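Accompanying notes for the structure given below.
Predicted, not measured: the structure shown is a model, and the values here were computed from it. Here, residue 1 is the first one in the sequence, and each next residue gets the next number. Note that ligands are numbered from 1 as they come in the structure, with each ligand's atoms numbered from 1 the same way.
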Amino acid sequence: MAELLYGEPVAEAVYAELARRLAALPYTPSLHVVRVGEDPASVAYVRLKAKRARRLGLLSTVHALPEDTGEAELLDLIGELNADPEVDGILVQLPLPPGIDTARVLEAIHPDKDVDGFHPVNVGRLWSRGPGVGLDPCTPAGIMRMLAHYRIPLEGRRAVVVGRSNIVGKPMAAMLLFANATVTVAHSRTRDLAALTREAEILVSAVGRPGYLKPSMVRPGAVVVDVGITRVGTRLLGDADPGVAEVAAAVTPVPGGVGPMTVAMLLANTVRAAERRRG
Ligand code: GUN
């Protein structure tokens, strides 16, 4: 059976380090989360982010805007938050309602306050200079932290990332590349996906289709990072079929694997943004 790579102990280590850094600051960093509409998953995620921020000792404000909020109004709010010296981190929860241009909204956030790491300036810094230069997307940054914690070697190894989103797949590929892995990005149009995934020593799946990743698609001894978290009824299911644990050397469980890391890295970005911007 595969070793289970749990996120909670790694997240706790991140929180402990952040608490130490916060204690040394003469101010309290602030996180502002903007949510538009009442998408139930977004409501739950935003609540969790704000709660964790407060528990760590950050100032946390949620801006809950009605579903019919216009793009101009949203851009105005972002402009105010950009200009406010007391605001350290800004996050606009996705997805936004139809009719709002997501790219335009993300590009309006000041790159130095962009704690999601989605602004093109931060994307460019990641791809050209590597992680840790700008603000990096939280989920792949959390995965890198987990791989380091569990001492999974990456250098020279074959990594396959399934999924090419701006939130996970693309930044994950950049980070693995900077860690000197040989990286392939697969997606919904990839032909013979199984042949490709079977080559992977590190297999990151960010698809969101429960159980699609079958044991036959996994190389014996591989490390499988399961980023798929899909709610089915009351259960949370990952991309990996349960049988994958019989083939892989290590697997991140769902829930309890990557999940706890994403909020931890969001708060890490908030503290980092504050330290950098306020000097
Ligand atoms: N929706 C799903 N994942 C994310 C994320 O990482 N950040 C934001 N802002 N919205 C999301």
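Sequence neighbours left out, the pairs with a member in residues 188-211 that pass salt bridge (Lys or Arg N to Asp or Glu O under 4.0 Å) are Arg157-Glu201, Arg158-Glu199. Sorted by first and then second residue, the side-chain hydrogen bond (donor to acceptor under 3.5 Å, both in side chains) pairs with a member in residues 60-76 read His32-His63, Glu71-Arg104; sequence neighbours excluded.
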Quick one: side chains of residues 5-17, donor-acceptor pairs under 3.5 Å with protein atoms, not counting sequence neighbours, listed by atom name and distance.
residue	atom	partner	partner atom	Å
Tyr15	OH	Ala264	N	3.4
Glu17	OE1	Arg145	NH2	2.9
Glu17	OE2	Arg21	NH1	2.8

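More than 12 heavy atoms of other shown residues, nucleotides or ligands fall within 6.0 angstrom of atom CZ in Arg278.
The pair Asp112-Arg276 does not meet the salt-bridge criterion, since no charged nitrogen lies less than 4.0 angstrom from a carboxylate oxygen.
Around ligand 1 you find Leu91, Val92, Gln93, Leu94, Asp116, Phe118, Ile167, each with a heavy-atom distance below 4.0 Å.
Note that CG of Leu267 and CZ of Arg52 are 8.5 Å apart. Values are rounded to the nearest 0.5 Å.
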